[in-house]
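Accompanying notes for the structure given below.
As the structure is a prediction and not an experimental result, all values here were calculated from the model. Order of the sequence lines fixes the chain letters, A, B, ..., with proteins taken first and strands second; residue numbering starts at 1 for each chain.
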2 protein chains.
Amino acid sequence: MKWDNIQELPCSVARALSIFGDRWTLLILRDCFIGVKRFDKFQKSIGLSRHRLADRLTKLVEHEILRKEPYQEKPLRYEYKLTRKGVDLYPVLMTLAKWGDTWMDGGDGPPLEYTHAKCQHKMTVELCCSECGEEINPKEVIPKVGPGLKAYSSRVKP
Amino acid sequence: MKWDNIQELPCSVARALSIFGDRWTLLILRDCFIGVKRFDKFQKSIGLSRHRLADRLTKLVEHEILRKEPYQEKPLRYEYKLTRKGVDLYPVLMTLAKWGDTWMDGGDGPPLEYTHAKCQHKMTVELCCSECGEEINPKEVIPKVGPGLKAYSSRVKP
DNA sequence: CCACTAGGTTCCATTTTAGAACTAACTTGA
DNA sequence: TCAAGTTAGTTCTAAAATGGAACCTAGTGG
């Protein structure tokens, strides 16, 4: 299976990863959430080659995860901003960061700590049920075939 | 910057991605959560080359995200099981899946739907504050320098 | 005029990957 | 007993992706 075919699988994880399942894209998005907007800033912050960076930014714009907006004319310059679709990736980044904080801190504690403006406490993120609000235990979540998988099956072997 | 150096950055997202920020590893872990345990099942389910699969499984075992356990002797065969560290990746997979369900369903609806055994409702996952339990809005989370970043800075330029 | 900034693009050597074929150590059925 | 099947890999090679340096374009500041 080639990477380019992965987005056709009837799996939301595979489809999401077809866009940012590579070395650098999620680091670019992490930077977006901490306020980085310009080409050179991304490059210095992340340390990837300009070549790759240009490529990834273009891809993110194509997928409408970032939007290019001019911030000056003469010479015309753009900055990259998260769209709604991009902001929606916040839970992915935060759960990744929490896992890294827990398992990869090298004994030094988390690189960043977070405060919740609403309740003013130092916080971490938790995964909760949209219906009862309780914290999720993986064993208590039962996956069932949904409409997307049914539609796919009927197309593949009708 | 080479990929091999990424895990040394003082960033939990980068460190986490140094293990599974590639094309296939998160798909292997997704399969683990739906009960896949054996080499051939992974290969058929995901469609990556046997070569890559062997490589990724070895890496996941080295990082103690999976554990190899014999399920028969003569010939000796192992299966791969999630460790505690691996199970802790559940929120990452579920938030990825939710994003894919929302933005990449191709109009067919989600491939899988989930029921919460505890409350018996069809559910999605939400990101909540560990302290006040309210749903997280990215704008209300304030990151501050933590001990991990301080320790790193004092090592790099003391 | 010269250096500098910002945002790329081009080129090429090195790395990584995909896919097919091969191996090893058994088990099963005819 | 012997061929075929199962499971879990490993080896090989061509093709694709990557990293890094140099170059380009369109300005600004001195």
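- Across A/K41, A/R67, A/R38, a single residue satisfies salt bridge (Lys or Arg N to Asp or Glu O under 4.0 Å) together with A/E79, and that is A/R38.
- Separating the CD atom of A/E79 from the P atom of C/dA6 is a distance of 13 Å, rounded to the nearest angstrom.
- Rounded to whole Å, atom C1' of D/dA8 lies 12 Å from atom OH of B/Y78.
- With no hydrogens or angles considered, a side-chain donor-acceptor pair links A/T25 and A/D22 at under 3.5 Å.
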Go through it in stages, so that I can follow the logic: the residues are B/W99 and A/F20, the test is ring-ring contact (aromatic ring centres under 6.0 Å, His included), and I'd like the CA-CA distance, side-chain angles, deciding distance and then a yes or no. CA-CA 12 Å; B/W99 188 89; A/F20 38 77; 5.3 Å; yes

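- Contact check of residues 2-28 of chain B against DNA chain D (heavy atom, cut-off under 4.0 Å) returns B/K2, B/R23.
- Using a 4.0 Å cut-off between charged nitrogen and carboxylate oxygen, A/K98 and A/D101 do not count as a salt-bridge pair.
- A centroid separation of 6.0 Å or more is found between the aromatic rings of A/Y78 and A/Y71.
- Remark: the B/Q7 side chain and the B/R15 side chain contain no N/O donor-acceptor pair separated by less than 3.5 Å.
- When each of A/L76 and B/K68 is assigned the nucleotide of DNA chain D with its nearest heavy atom, B/K68 is the one assigned upstream, toward the 5' end.
- Between the side chain of B/R77 and the base of D/dA8, no donor-acceptor pair of N or O atoms lies under 3.5 Å.
- The stretch residues 39-67 of chain A comes close to DNA chain C through A/F39, A/D40, A/R50, A/H51, A/A54, each having a heavy atom under 4.0 Å from the strand.
- In the displayed structure, B/Q72 atom CD is contacted under 6.0 Å by more than 12 heavy atoms of other residues, nucleotides or ligands.
- Atoms CZ (A/R38) and P (C/dG8) sit 12 Å apart, rounded to a whole Å.
- A/Y80 has no side-chain polar atom (N or O) that falls below the 4.0 Å cut-off from OP1 or OP2 of C/dA6.
- Atom CD of A/E64 has 12 or fewer heavy atoms from other residues, nucleotides or ligands within 6.0 Å.
- Atom OH of B/Y71 and atom C1' of C/dC26 are 12 Å apart (whole Å).
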